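In what follows, a single structure is set out as structure tokens and then discussed.
Here the structure is a predicted model, which is why all the values come from computation and not from measurement. All ligand and atom numbering here is 1-based and tracks the order in the structure.
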Amino acid sequence: MHVAIVEDEPKLASLLENYLVKEGYTTSVYGDGAIALESLKGNEPDLILLDLMLPGADGLSICRELRKTSDVPIIMITARVEEIDRLLGLEIGADDYICKPYSPREVVARVKTVLRRFTRSNTAKIDSRFVLNETTASATIDGQETTLTAVELQLLKVMSDKPGQIFGRAQLMGRIYPDGRVVSDRTIDSHIKKLRQKLSAVNDAVDCIHSVYGIGYKFEFVEES
Ligand code: CA
């Protein structure tokens with residue numbers, strides 16, 4: 001597995017490189033955004049660690065540009081946690097986000113998770129135990145059904161289409177109210193809360209919707225052990 005590191009701080013880049021190599025990955029490092037984009041377009045790695053602020057071209061435009069032709073897993077790295085919510089709202093198509101300062105161990109763990117998720121979603125689209133039925137506005141877990149409101153159905157559809165991907169509240173609102181209606185963050189939270197109650201009433205040994213602290217929510221079908 002080959003990981004490209006796009007990071008203009010040489011110390012950080014070599015730190016990540018060391019950790020990844022120790023874990024058996026091969027790496028390439030780019031300190032300039034424009035050069036990285038040029039090279040990555042023609043020669044796709046298995047995953048890209050992409051810093052947001054870069055000379056040449058920033059991480060945002062690199063991600064957008066690559067997404068036009070490729071679904072290579074991208075983990076975006078940013079210096080500020082507030083930036084993540086803005087990035088999520090822009091729907092730039094990154095697979096995960098990491099905030100600086102990070103521990104290299106955490107980065108390696110995320111790389112593994114994203115790669116695992118990517119391989120899995122390419123083989124089996126959705127967990128067969130969870131079925132979302134748009135015609136009847138219902139969700140089924142292990143054959144047990146619960147009915148959903150229009151908003152709940154939309155929320156679940158958006159998130160379960162991309163299992164494991166984190167959605168910010170602003171991003172979810174944009175998908176559910178495309179007319180740009182202004183609703184508060186709490187609106188999303190309360191819909192999610194009800195949705196979780198409904199799903200756990202069907203099967204409380206299964207967790208489908210997970211909160212990601214300070215960022216938003218993700219769908220992942222997890223059986224509690
Ligand atoms: Ca930087």
*Kindly indicate whether a cation-pi arrangement holds for Lys22 with Tyr19, taking the cut-offs as under 6.0 Å to the six-membered ring centre and within 45° of the axis.*
yes
Pairs of donor and acceptor atoms involving the side chains of residues 33-40, under 3.5 Å and at least two apart or interchain, shall be tabulated with distances.
from  : atom 1 : to    : atom 2 : distance (Å)
Ser39 : OG     : Tyr30 : OH     : 2.8

*asked:* Can you pull out every salt bridge (Lys or Arg N to Asp or Glu O under 4.0 Å) where at least one residue sits in residues 196-209? Sequence neighbours excluded, please.
replied: Glu152-Lys198
*Do any protein N, O or S atoms sit under 3.0 Å from the Ca ion (ligand 1), and which ones are they?*
Asp8 OD1, Asp51 OD2, Met53 O
_Contacts of type side-chain contact (heavy atoms from CB on, under 4.5 Å), residue Lys112, not counting sequence neighbours_ = Glu23, Tyr25, Val108, Arg116
*asked:* One thing to verify: whether Lys100 and Glu9 come together as a salt bridge, which I'm taking to mean a side-chain N less than 4.0 angstrom from a carboxylate O.
replied: yes
*asked:* So that I know where these two stand, are Phe219 and Phe167 an aromatic pair - ring centroids less than 6.0 Å apart?
replied: no
